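Here the structure is laid out as structure tokens; the discussion comes afterwards.
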Number of protein chains: 2
Amino acid sequence: MGMHPPETWAAHARRVLAQHKRHSGAARQAVLELLDRQNCALSAIEIEDALRAGQRPVGRASIYRVLDELERLHLVQKLQVAQAMARYEPHRSGEGHHHHLVCDNCGTVTPFTDPELENAIEQLSRRVPMRVEEHEIVLHGACQDCSN
Amino acid sequence: MGMHPPETWAAHARRVLAQHKRHSGAARQAVLELLDRQNCALSAIEIEDALRAGQRPVGRASIYRVLDELERLHLVQKLQVAQAMARYEPHRSGEGHHHHLVCDNCGTVTPFTDPELENAIEQLSRRVPMRVEEHEIVLHGACQDCSN
DNA sequence: TTGGAGAACAAGACTAGATCTCAATCGTAT
DNA sequence: ATACGATTGAGATCTAGTCTTGTTCTCCAA
């Protein structure tokens, strides 16, 4: 369990994709690099806009296709956080893992982490009639600004 | 804190609605009664279909309006379980509370309950910078049928 | 009991997130 | 270099959810 050489998530993703015999196209690279720079979840539309504004426009269909692919390989996690709009974030082992607080008043989404909760989920996953691969926890309520 | 007389969720909901000075229309009654007969979450479309097939057709706009209203009064909980489609279920205190396992292969949604998990969430809710009112937990993976 | 104010309702136009199609292009193994 | 399959983008299409509008119904007070 020694130190791994530092490797970006994007590099890791590229490696996994290569192992799965995928060609490496420009659209996919752009999405990977954008995702790698984020620390919380983005929607497909936000990704589309960011890429159009920034480095390289990518067709909407490509974005959804890439996100789908990455999700199937467990490289991103797809979240149904609040509205009827999916969000995606890089699936980093350990340190990046977090869940979300959603303010039902103003709609803000804030990430949080909690080791004890992770522990409880870990235990639970063994008791449940399913091979658990991911979990998603959303707390709803009123954020500090809104509860005054 | 004694025993309450047995009261259906629908009756409870009607009472709360009355307290909030809402008139009582036919569409809302139909939705209430349908929801009361379910033990897991329904989507708005499923509700629309069930009502059209069954007792009394109700306009789609009305269904969403009613569900919204019920959600604001905490009489139903809105869930973003799997696909980009919200699901709603009666919010019963205690005994009816549960969470969901989603099989990413076949899409089945199964409810489960777990006191320890509820406990962990309860603790967590105090540590977190938000007044927590609801929580939603979804475990993803492969169900028993699909993991063979 | 009746009349009126405002709540509830239905139909359907509309929006926006997501998917599908298909022809053109690109990557890579040979 | 070539061939073949993977990748891509434009735009059509689908569908959950929202908005608009005119009508109907509930409740309450006279």
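Every chain is numbered from 1 and lettered A, B, ... according to where its sequence line falls, protein lines coming before strand lines. Note that the structure is a prediction, hence the values are computed from the model and not measured.
Rounded to whole Å, atom P of D/dT8 lies 14 Å from atom CD1 of A/Ile47. Distance A/Ile63 CD1 to C/dT19 P: 13 Å, rounded to the nearest Å. Between the CG atom of B/Asp68 and the C1' atom of D/dG17 there is a distance of 10 Å, given to the nearest Å. Distance A/Gln29 CD to D/dA6 C1': 14 Å, rounded to the nearest Å. To the nearest angstrom, P of C/dT28 lies 15 Å from CD of A/Gln19. Rounded to whole Å, atom P of D/dT15 lies 12 Å from atom CG of B/Asp49. Residue A/Met85 contributes atom CE, which lies 14 Å from atom P of C/dT19 at whole-angstrom precision. Look at CD1 on A/Ile45: it is 8 Å from C1' on C/dA16, rounded to the nearest Å.
If you check D/dA6, D/dG17, C/dA7 against the side chain of B/Ala44, the one that comes closest is D/dG17. With D/dG5, D/dA10, D/dT20 as the candidates, the nucleotide lying closest to the side chain of A/His23 is D/dG5.
Proximity of a side-chain donor or acceptor of A/Gln55 to a complementary backbone N or O of A/Leu51 within less than 3.5 Å is not detected.
Heavy-atom distances to DNA chain D give each of B/Arg87 and A/Pro57 a nearest nucleotide, and the one nearer the 5′ end belongs to A/Pro57.
Contact between the side-chain N/O atoms of B/Arg60 and the OP1/OP2 oxygens of C/dA10 is not found at any separation under 4.0 Å. At least one side-chain nitrogen or oxygen of A/Ser62 sits closer than 4.0 Å to the OP1 or OP2 atom of D/dG9. Distances shorter than 4.0 Å separate some side-chain N or O of B/Arg56 from OP1 or OP2 on C/dA10. Distances shown here put a side-chain N or O of A/Tyr64 below 4.0 Å from the OP1 or OP2 atom of C/dA18.
At a threshold of 4.0 angstrom between heavy atoms, the contacts of B/Arg28 are confined to the sugar-phosphate backbone, with no base atom among them. Across all strands shown, B/Ala27 has heavy atoms under 4.0 Å from sugar-phosphate atoms exclusively, and none from any base. Across all strands, B/Ser24 comes closer than 4.0 Å only to sugar-phosphate atoms, never to a base (heavy-atom distances). If you check every strand for non-hydrogen atoms under 4.0 Å, A/Arg22 touches sugar and phosphate atoms only.
Enclosure of atom CG in A/Asp68 by more than 12 non-hydrogen atoms of other residues, nucleotides or ligands within 6.0 angstrom is indicated.
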Side-chain donor-acceptor contacts of residues 98-105 of chain B below 3.5 Å, not counting sequence neighbours, with atom names and distances?
unit_1   : atom_1 : unit_2   : atom_2 : d
B/His98  : ND1    : B/Gly96  : O      : 2.8
B/His98  : NE2    : B/Glu89  : OE1    : 3.3
B/His98  : NE2    : B/Glu89  : OE2    : 3.4
B/His98  : NE2    : B/His100 : NE2    : 3.3
B/His99  : ND1    : B/Ile137 : N      : 3.4
B/His99  : NE2    : B/His97  : NE2    : 3.3
B/His99  : NE2    : B/Glu118 : OE2    : 2.9
B/His99  : NE2    : B/His135 : NE2    : 3.2
B/Asp104 : OD1    : B/His140 : ND1    : 2.8

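Within the 4.5 Å cutoff, side-chain heavy atoms of B/Glu134 are placed close to those of B/His74. In this structure, the side chains of B/Arg22 and B/Glu69 come closer than 4.5 Å at one or more pairs of heavy atoms.
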